[in-house]
Structure formats: C-alpha cells, structure tokens
Amino acid sequence: MLMFPSSQFSSTSKQWKFHGNSAFLLQVSFILLSPHINNMFLGAIKQYLCLSLLKNSASTLMIVFQLSCSIFISLVSRFRAGLKAEIGVFFPMIVLRVLENVAQPNFQQKMIVLRFLEKLCLDSQILVDIFINYDCDVNSSNIFERMVNGLLKTAQGVPPGVTTTVLPPQEATLKLEAMKCLVAVLKSMGDWMNKQMRIPDPLSGKKIEAVDNGHEAGDFPLANGNGEDPVEGSDTHSELSNEASDVSTIEQRRAYKLELQEGISLFNRKPKKGIEFLINANKVGNSPEEIAAFLKDASGLNKTLIGDYLGEREELSLKVMHAYVDSFDFQGMEFDEAIRMFLQGFRLPGEAQKIDRIMEKFAERYCKCNQKVFSSADTAYVLAYSVILLNTDAHNPMVKNKMSADDFIKNNRGIDDGKDLPEEYLRSLFERISRNEIKMKDVDLEHQQIQAVNPNKLLGLDSILNIVIRKRGEDGHMGTSDDLIRRMQEEFREKARKTESVYYAATDVVILRFMIEVCWAPMLAAFSVPLDQSDDEIVTALCLEGFRYAIHVTSVMSMKTHRDAFVTSLAKFTSLHSPADIKQKNVDAIKAIVTIADEDGNYLQEAWEHILTCVSRFEHLHLLGEGAPPDATFFAFPQNDSEKVKQTKSAILPVLKKKGPGRMQYAAATLMRGSYDSAGIGSNAAGAITSEQVNSLVSNLNMLEQVGSSEMSRIFTRSQKLNSEAILDFVKALCKVSMEELRSPSDPRVFSLTKIVEIAHYNMNRIRLVWSSIWHVLSDFFVTIGCSGNLSIAIFAMDSLRQLSMKFLEREELANYNFQNEFMKPFVIVMRKSSAVEIRELIIRCVSQMVLSRVNNVKSGWKSMFMVFTTAAYDDHKNIVLLAFEIIEKIIRDYFPYITETETTTFTDCVNCLIAFTNSRFNKEISLNAITFLRFCATKLAEGDLGSSRNKGKETFGKISTPSPRTGKEGRQDNGEVTDKDDHLYFWFPLLAVGPEIKLARLLDYGLSGSTGSTTIEPDNKSLSELSFDPRPEIRQSALQILFETLRNHGHLFSLPLWERVFESVLFPIFDYVRHAIDPSGSSSQVSEVETDGELDQDAWLYETCTLALQLVVDLFINFYNTVNPLLKKVLMLLVSFIKRPHQSLAGIGIAAFVRLMSNAGELFSDEKWLEVVLSLKDAANATLPNFSFLDGGDFVTGNERASKAEDDTDPAESSSHDNLESPRTDRLYAYLSDAKCRAAVQLLLIQAVTEVYNIYRTQLSAKAMLVLFDALHNVASHAHKINSNTILRSKLQEFGSMTQMQDPPLLRLENESYQICITFLQNLVVDKPPSYEEAEVETNLVRLCQEVLGFYIEVAGSGQVSESSHGRPQHWLIPLGSGKRRELAARAPLIVTTLQTISSLGDISFEKNLVNFFPLLSSLISCEHGSTEVQVALSDMLSLSVGPLLLRSC
C-alpha cells in the first residue's frame, strides 16, 4: 500500500508546506495516471487524499490549485461511485466556489476551473451521473444546476455598475471559455443521449453502440491524451444501483427535493407558512415530534428563524419546542456542554419572553436527565441565564469591562433553593465558558448574518470552508494539525451520514428531461444575447453550435416548449423577415437552420413550421435577388383595370438586378424591417427609398448566395428519409406555411404549395398507412385553398390536387381498400362548398380526366367520382349539369364493368348519382335518360354482373330460380335461397329508394353534415318512388313504369327482408302525399316536396298516377304472394288508410284496390289471413261512420233563425259585421256537411265491396270471420238508424235546404242496405254451417236482428198518428201519413219483407220458441199504416203459412 509521509501534515513552515503539498499532489497525480491501481488505494484516497485536497483547495498558488483540479478530475472520472459524499464536498469547494465568483475572481484559478469543466464534459456519462446523484438527492447540493448558472454568469460578464478586478481582455477570455463550456455541456448531454438511444452520428454516419449499464470509468481521456484502463479490483461497480433505470423513482426524488427546497425557502421568509407548506406537501409530518426532528436535522434552515419559531407562544410552536428540547439526551453531561450542544442548532431569539420559554424547557430537560445535579429545575433555569450572559460578556469585543470569576460566583449565590452552588463548580464553569465560546454549529456571527444568500448554506459545507479558510490566518487558535484532521474527518462523516450512500448510474435517457428543465433557460440566454449583440465570428460560431446541440437534445426528448424556444430564437436570428438587416452571422444562422433540418428532421415535430417559414422567406428573397417577377403578378387580386395593367407592366421588369420602375416598387417592401411573426417579408414602405438603401439591400441579398438553393431544395428531397411520424409533422408544417403564403391578399405566393406536390412525389413509395395520415392533412389543406376567394389560387390548388391524384391513381389498389376514395374527397367537398362556377367546372373536368385516363386503376375512387357528379346534378348552372351528365352517361355506357370490378358497393353510388340527375330542373331529357339508366342498372344487378371480385356472384344469381306459381297458402321459399338474396339487399334498395339513413351516411362520410358556407347544397335525392308524384307528367309516368317493371321482372330474386324494405321505404311512401296532403274539400295542400317547377295537378295525379300505382302495388303483392304474404296486414293498412280518407275519390280508389286484391288473392288466404281482412274492414267501417254532431252545438243557426234575426237587425254597421262572421261559419258548415256526405257514400261503396267479396268467397269464410263482418255492418246500420231517427237533426238538415242536398232521412239507404246484408250473412250462416259454426249464437243474433228491424219500422210507421187534446189526454184519432212518411215507409218495405221472410224460414222449433217475442210486433205491424202493400202481403203470407199452422197444432 502507498504510504504518505506524515511530516507533510505536521510541518508548520510555509515553504515546507508548499513544497510538501506540491510533492504529495504530484505523487498522487502520477499514481492516478498509472494503468494499474491497487485495490486498497480507494481507502487511502478517502483517508489521506481528501484531507490534503481540502487543505489545498483554497490555495492561491496556481500550481497547487491546478494539481488539485487535476487530481479531482481523475477522482470524478474514475472513482465517483466510491467517493459520492467526498465529491459532493469537493465540487462546490474546488469548482463552484471559483465559478460563482464573477465580480472579483482570480483569473488564473477561474481559467483552470473552466478548462476543468470542459474536460469533464468529454465523458458524457459524468454530467448525467452528477445530476442524478446530487441534483436529485435531497441532502446534496444542486451541483449541475449551480454549475450551469455559474457558467451563464461568467458568459454574461460582470454586471454593469459592479466593481471588478478583472481586466477587459481577461473578461472577454472568460466569457469565451464559459461559452465553450456551455456548448460542451450540451454536446455531452447530446452524446450521452445518442449512445443510449442508438442515434447515428450525423458526421460519421455510423450508429453509436449503446452504453453498457456498468460504469464507463475507462472512457475518460486525460490531459495527456491517453486513455485509462479500469481500476483492477475497484469496488466501484459493486456500489452501483440498479434503481437508476427506474425513471419514476428519479422523478419522484427530484420533485421531492424541489418541493422541499421550496418549503425551506418559504420557512426562511415566513416560518409558520413554511411549516404549513411542508406539512401539506407531506414533506414533514404534522406531529410536533416530526416537526422538531425536521428543524433539528434539515440543512438550509435559517438558525435565527428556527429560534424565533421555537420561542412562539402558539400551541403548535410550544409543542414543537418541547419536542425539540426533549429530543436531546443530556445525561452525564456538564451543564455548559449541555447548553453548548443545545444551542448549536439554532440562535436564541432576541425577545426576552421567547428566551425565557426556551430556557425554562431546557432547564427542565437537563434536570430530568441529571436528577442529582441540582435540587430543582429553577436552579438550572437561573444558571442557564447566567451562563448565556457570561458567554456574551466574555466573547463580545464591544464589552470593555469583563466579568471576573468572583463576579460570576457572586451573581449566582443562593440560586439552589437558597443555597450556594459549590464554588469550585462555578469557577470551573466560568473557565470553560471563557476559554471556549458557546456558538452555533455551522457558522459564527459574521457568516450567520449572510447565510440567507450564502450558496454554501444549503450544502452544509460552511463549517468545512470555515476550517480551511480560517486556518490560514488563525493557526494559533486551531490547535495542532492532528486536531484539524480530526475535525475535518468529523465534518466528512457528518456529511456522509446525511448523504444517501447509494450511487446511481444513469441509464435511462428520460433523465435528460429533468436536466433540460434545469439548464434550458440559462443556455438560451447565454446563446441569444451574444448572438444578438456580437459580430465576432468565434462567438457567433459558438452560439450557433450551442443552438444546434440544444435543439438536437430538446427535439429528441420531445420537449416541445423548450425546443420551440430555441428554434424560434434561431429562426429570428436569420433576419429573413427583415432583409435590410442581414449580416454574415445571419447567413450563418440560415446555414445552421439547414443543418438542423438535415440532421434532426425526425425529431422536430411542430418546429418544422419555423424551419419551413425560413425556407419560404429565403426563396422569396432569392427570387427578388434574381429579378424574377413575384407570384403576386399572377395570383394577386387586381382591384381595377388600371391596376391590373400597371401590375402586368411592372411585373415583367427585373426587380433588383436591372433598373426599372419595378425595382423601386418591390425593393420598398423588402427594405422595411418586419417582425418575425408577420406573414410576409416587411410591409409597405413609407416614404422615399434612397439608392443607398437599395444598394445595401442588393448587397445583403448577394450574401444569401452563400446558401445555395440546392441546399434548401435538399430539405424537401431528403423528406423521403424522414420516418413515418416526422413526414407527417413535415407535411403539417408545410401546409401551415403555405396557408400563410396564400393568405396575403396583396402578395400571395405558391412556393410551398408547389413543394407539397414535390414531396408527395418524393414520398410516393411510402406505405399506404402512412399516406393515409398524410393525406388527411393534405385533404383539409386543399379544401381550404380550393374554396379560397382568390380564384387564381383556387384553380392552382385544384390543378395541384389533380396532379397528386393522378400520381396516386398510377398505384394499383387492391379490393376493399379506401385510399383512392380518401384522396379524391377534397374534390367532393370543394365541389359542394365552392361558390365559384369556374372551380366547380374545373373539378368536373379534372375528375373525368383522371377517371377516364386511369379507368383500369380506379377502384374505391369511383365513390368520390360519383359524389362529385351527384353534387353537379343539383348545381344552379345548367352548363355544369349538362357537362356532368354527359360524362356520367359515357362512364355508364362504356365502363360499367369497371365500376363494380372490385367494389360492388360503388353500384349504390352509381344509382344515387343517376337518381340525382332524375331531379334535374334544366333538361327533361336528362331526367328521362337517368331513369332509363336506372333500369339498365337493375338489369345488371339482376344478372349478377357486379364485377369480378365476387367470384361466385353470377353463379349465385344463376341458382336463384323464379318461384313457381302459387301452389298453396302461405307459400315460402327455403332458407338457403333467402340467404343468397339477403346478400343483395344493400344493392337493390338504393336503386328503388334513397332513404334518409343513406343520405345521412353519405353526408357523414364526407364530413359535410355540419359544414357551413356551402353555396351548392344538394337536395334530398328523389327515388323512383318519390318521382311518382313529380310535377312533370313524363317523369312521373316513366318513373312508375320503370319502378314497377323492375320489381315485377326481378322480384323473384328478392327475399322477404328485402320485400319488407321495398314496401316500407319504396312503395308505401308513394302514397304518403295523398294520405296526408289532401283535405276533405278535395283541394290539395301546397306541399313543398312536389313544388319543383310548378304545383302538382292533383286531379291528374289522383285519377291517373295514384290509381295506377295502387293497382300495381296490389298486383305485385298478388304476383309474389308466396314470399310477401307476411306483409298482408301492412298492405291492408295501406288500403284502409285510403278508405279512411274523407275524400270520396281516394276512398273509391282504396275500395277498388281492396276488391282487386281480394278477387285475385283471396283463394290463397288462410283463416288467419281472412280474419285480418275482416278486421281491417271493420276498422274501415268504424272509421268512416258519418258524423252530424257539428249540428248539435250552437255555432250554426238555421235559415229561419237567420231571417228572424235579420228582421230585428236595424244597424247597418252591425249587419255588415254579422255578414263577415257568417261567411266563415258557412264555409265550415259546408265542409262538415261535405265530410258527412262523403262518409255516407264511402260506407255504401264499402258495403258493395263487402257484398262482392262475400259472394265470391262465401264458402271460404269461417263463422268467426262472418260474425266479425256482421258486427261491423250491424254497427253501421245502428249508427245510420240513430241518425235517421233524430227528428231534431233531420229538421235542421231540412232547414239548410239546398246546401245539404240530402234526402230525408239522410242515411235511409245506408241503413236499409246494412240491415239487408246483415240478415243475409246470418241466413247464409244457418244454411252453410261453416267450420266453427255455433247454431245457438247465430240464431240468437238473427232473432234479435229481426226484432230490431221490425221494432224500428213500427216506431217509424206509428209516430205522429196519435193526436192529443188540449187537456193533454190522448184522443184515439188516426191522422193519415204524409207523403214524406209514406215514401220512407215504402223505402223500408223491402227490408221488412225480407225480415218477415227470414222469420218464416226459421225451423219449426225455433219459430215456435221465438213466436212469443215476435207476436206483439206482428200485431203492431197489422195495425200500422204502410207505404207499400208489399209488407201487408208478406205479413199475410207469414200468418197463413207459419203462424196459422202453429195455432192449429196447438188447438
């Protein structure tokens, strides 16, 4: 083991100390340089070398200080893992102490330190290890942070107004060296990051191997240029911790330290708030014991403020003070030693009451630990005060008359419960206090006064510095060198105790984020200020190099804010926004920008915008320098004709290279010193521009030739080398820059727009996934520019988009991909939103050119193409509509197989496009041709000709056979066939109808559902079904014809789900108009859906289109009944909805269709289906009952009442007002009467239809169905009789006279026919006895019905025949019937005859059983007067043939 001469530590001779220490340091330095070092050398370093470094760290001899730094750098590079605590002490003492002394430093020492730091940065691992082990350690100083801040202060120089000992040349040298160190720090961080992340070195092009997790001790190059081998047998590696890779742990430790320091800083200003903050931040517990422990052990706390806090009288402070005192163990200690130890941690407050509380608690604690020393705590309390007074008296130089030992003894007489303490004890105490001052542990009074601003205070290094520095002038007071060594060792041990023993080896690159957070602001200030103020080439080069390294590190670490700060500052220093100020350093900044774009392009992210802005401005200035006309010549808004001519003339002149009007015009704009954030370069010049200014500008622009255009172009050509994320950021930034270029109304430029096309070409070979992301950005960009108010710019953008799209169409797209559709979407959106006719026409021509020239490659692009033409179909300009249809016609005729070659879904888009053209307002031929093409599409669909991608498409369609003729009830197709047909529901349905869900899906697909500002708004497409009520007869007829022809010819391919959709969304909506828009008066409401070019002729549509359409629907249902029979109920609901309409023509159409359905499909109905039919009829019958309730109210008056009121009306004004009121009342009355008459007529038609259907299918109807029909018609008859028997109602109707035009009784025919068919139903039930027939129920209904009819007749015949006397007693006078009554009875006679015949036809048993009920009615019938002899004849026949024989048998 190496032995060190002890004489070096014991000699007191300055000369010997110098030579001895120098020799010792030289000896150590040579040992450290040796390639092999003994394993035990590390222990010797800790025991001897550290103390020697301490003694010599403050030496003013340069050779000693230089050797100290050399040894220290070797220790840091090779032994930092084993000397963590020692380095934490040496670094501030040797390096930071000198570095932070800016105003009055030793120049040579500072140069040594700066070069030391520069060498330290050569090993990239060292700085990271320093940060993680010290700046992230709660008990250590922020070495890295202080080092960076010290370098910043040195680089900035001595602040103005501060006295300094540094000469100006020396200050310049220090600034430059500090700048180099800062650059070296950033380079070191970047190198370490590159190694960890395997980022290739841009200079060598080779990848840097990743650093091993172990310690790189041997990689540090020495001053002599030789590398070192690792120490053999060193225990450095054994002390490394694997926890270094745990980023979350490092982050927590760093955050903990920062928050703790914030709390300590707050305590040193306001102790109470500081404690509260630390408790809330969980840095200190909330118990008094934990707070006391923190005050006792924490570094950096202001000792005076600790004393003030402990002396407070508040509850928490008192508890903390008690806990603080109780934490001391004074057992076995002398009284002065106890006080000395107690007062080392804080300074007694100045307020007497606070001192009293603290010393009172101290006395109690001392007596508790030493119970036999004093008789009571009062003794200790008084003595403690005496000791403090003695300490002040003995050691305060301001006290002239010092206290003697006798005085001290005299002052303390009788303090021990009236007794004196031993004189020897007090004298010994006096001598110890006089010889050794009681003071705080760390600093004396002078240091304590400045501790708030002393950076060493937070280090815990004050005592060590005091020992070293004071030793040189106070050797006599420090004792022997052995005492010095002992005290130093104690200080080291104390420091090591507080410092975390584990050494962390940095491996995770995320640690750099915390380092950047610390140093980015000082770095930015250090580089920006000199670059702005100095023109020195060396300084400029250093600053730009620093910017490059800073941008590299912040970009790779994705620290957006910090990266943007450096990039923005560098971009401003290019001065491209203010070309009149360009200097050589600005040109160098431009070169740096180009280098950064080349080397760090993969990490710049949003910072690309600043880079590309500089490129754009550079190119602008370059063109001005070349004399080329600006883009504004071709793309600016000309405000009037004179300006347009003037602009054209001036634009053709060279701008700066030759003389001419344009020279001054454009030079004026560039001479202005614009701001970096402005969109263009400079602004409009104010005032005259001198020739000197122009010449200066020309000179500045010539300087830009140092940066060739090829270097700028390389930024775009090398974009193909960017990774997937970087190219997306690049494109986003380029689009933003281009948007800024184009936004200027006076000076628009298309440089970046052309570059977008270029980079698309360069990056064409990227994978489709990446291009999808890129195109999402470009799509929004082209939409915005395509809708620009500057027509020239918009046209240029659309042409650029066409070029890109053509390039993409050259690439083959596989089936079921959507990229072609994505890159053609901008055409669709601009087509919808642009207000310029030229743009819309250009889009149509562009799209047609792309499609027709690359028809073999178009796959998913068909969708966008059809959307463009669909939008064109609704355009307000006829030429666009005609052009679009001409192209779509050619595509469908010549290229239909290509449309669905790989994407069968494009068939739907084709259909939707054709449907849009059917709504054309400009040309009827276009609509008719579009409808014809729809039939063509239907044929292709039925043939299965939807492209080759469905390999079995045609086979599938070929296997679907036409269903056989109706062979039975409820016929269904097998499951396999339904499955095949379901596959094509998506294609058939849009051909027949475009529902709202399809329209919405199409809008959402293009993101247009919420768009605003569109001038070309696509109306809802009218499907073939909706075209059936188009106001144009030809369109209406053609649409109906093709719709039903398609369904009829290809319906056998449809499954039930498809038929359900067809009926619900295609066929039934045809009749929505008539079911909702026709009022009872027969006039049509003006519905917006049918008012295209004129109002729809309701009568023509009603009697032609509607009737035909309803018949065709019924025929479809009949033809495909085997498949669609589950839809019978919905079809019946449609027909019933017609019948329910208060419009006789509509009801007649519905009834006729009902009869048509029953006549042709009734034989296929099951009992369940027939039950549905009769229930529908019952619903229709109940819904169409005539309603005369409007006459029961007082709103309407009869003609006689109006006449009587008119006679009493004498005021002309009142008469006029009555006339005004009568007119709407009369209109309402007429409407109500029309509705009642319509309902009566409908019910008669309904009865006729029921009779017709019954006569056809009498044998197929079940008893249950017949009884339902009977019940329905019986309700009709009963309601009609109720109306007919209402004499008041009848009289009112008669009073209205010619307005009603109704017979009296109003519903006599309806009543008779209803009862007649009811009787017929029941009679036939008795005869036919169908299944489920119940004779008793039918007989009961029949008997009741006959009784009801006879009773009603007798009531009518007998009313009015009995006359009353004046006294109210009945007189049996028979009044002859009037002519009206006779006519009514004559009309009722056939029903009575039928009723009597029905009674006679009852079986003998039934007749005999019910005769008792009939006989009173027969008797009354005999006594009645009749309007016809038919009743009497029928009654006579019944009496003679049925009643007579029964009476004879009973006699």
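All heavy atoms count here, side chains included; hydrogens, waters and symmetry mates do not.
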How about [atom1] on [X], more than 12 heavy atoms from neighbouring residues, nucleotides or ligands closer than 6.0 Å, or not?
| X | atom1 | value |
| --- | --- | --- |
| E1334 | CD | no |
| R1344 | CZ | no |
| K1329 | NZ | yes |

Any [X] side-chain heavy atom under 4.5 Å of [Y] side chain:
| X | Y | value |
| --- | --- | --- |
| I892 | C910 | yes |
| V1253 | S1159 | no |
| P1186 | I1283 | no |
| T1123 | S1055 | no |
| Q1323 | S1401 | yes |

- Query: Going by atom types alone, do E1348 and H1274 pair a side-chain donor with an acceptor below 3.5 Å?
  - Reply: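 The criterion, which ignores hydrogens and geometry beyond distance, is satisfied for H1274 and E1348.
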
- Query: ring-ring contact (aromatic ring centres under 6.0 Å, His included) with F1054: which of F1063, W1059, F1120?
  - Reply: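 Of the listed residues F1063, W1059, F1120, the ring-ring contact (aromatic ring centres under 6.0 Å, His included) partner of F1054 is W1059.
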
- Task: May I have all residue pairs that pass salt bridge (Lys or Arg N to Asp or Glu O under 4.0 Å) and include part of residues 1171-1187, sequence neighbours excluded?
- Result: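 For residues 1171-1187: K1140-D1179, K1178-D1271.
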
For [X], enumerate each residue passing the ring pair (Phe, Tyr, Trp, His ring centres under 6.0 Å) test, keeping only those at least two apart in sequence or located in another chain.
| X | result |
| --- | --- |
| H1279 | none |
| F1154 | none |
| Y1257 | W1170 |

- Message: Treating N1312 as the side-chain partner and A1387 as the backbone partner, does any N or O pair qualify as donor plus acceptor under 3.5 Å?
- Response: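 Yes; judged by distance alone, with no hydrogens or angles, the pair exists.
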
- Item | Qualifying residues under salt bridge (Lys or Arg N to Asp or Glu O under 4.0 Å), relative to E1313, sequence neighbours excluded |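 E1313 satisfies salt bridge (Lys or Arg N to Asp or Glu O under 4.0 Å) with R1309 only.
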
- Identify, with sequence neighbours excluded, every residue that meets salt bridge (Lys or Arg N to Asp or Glu O under 4.0 Å) alongside K1264.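 Here no residue qualifies.
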
- Does the distance from a Lys or Arg side-chain N to an Asp or Glu carboxylate O, for E1064 and K1130, drop under 4.0 Å?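 Between K1130 and E1064 there is a salt bridge, with a charged N closer than 4.0 Å to a carboxylate O.
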
- Item | Centroid-centroid under 6.0 Å between F1270 and F1321 rings |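 Ring centres of F1321 and F1270 not closer than 6.0 Å.
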
- How long is the span from the CD atom in E1252 to the CG atom in N1255, to the nearest 0.5 Å?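 Between E1252 CD and N1255 CG, I get 8.0 Å after rounding to 0.5 Å.
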
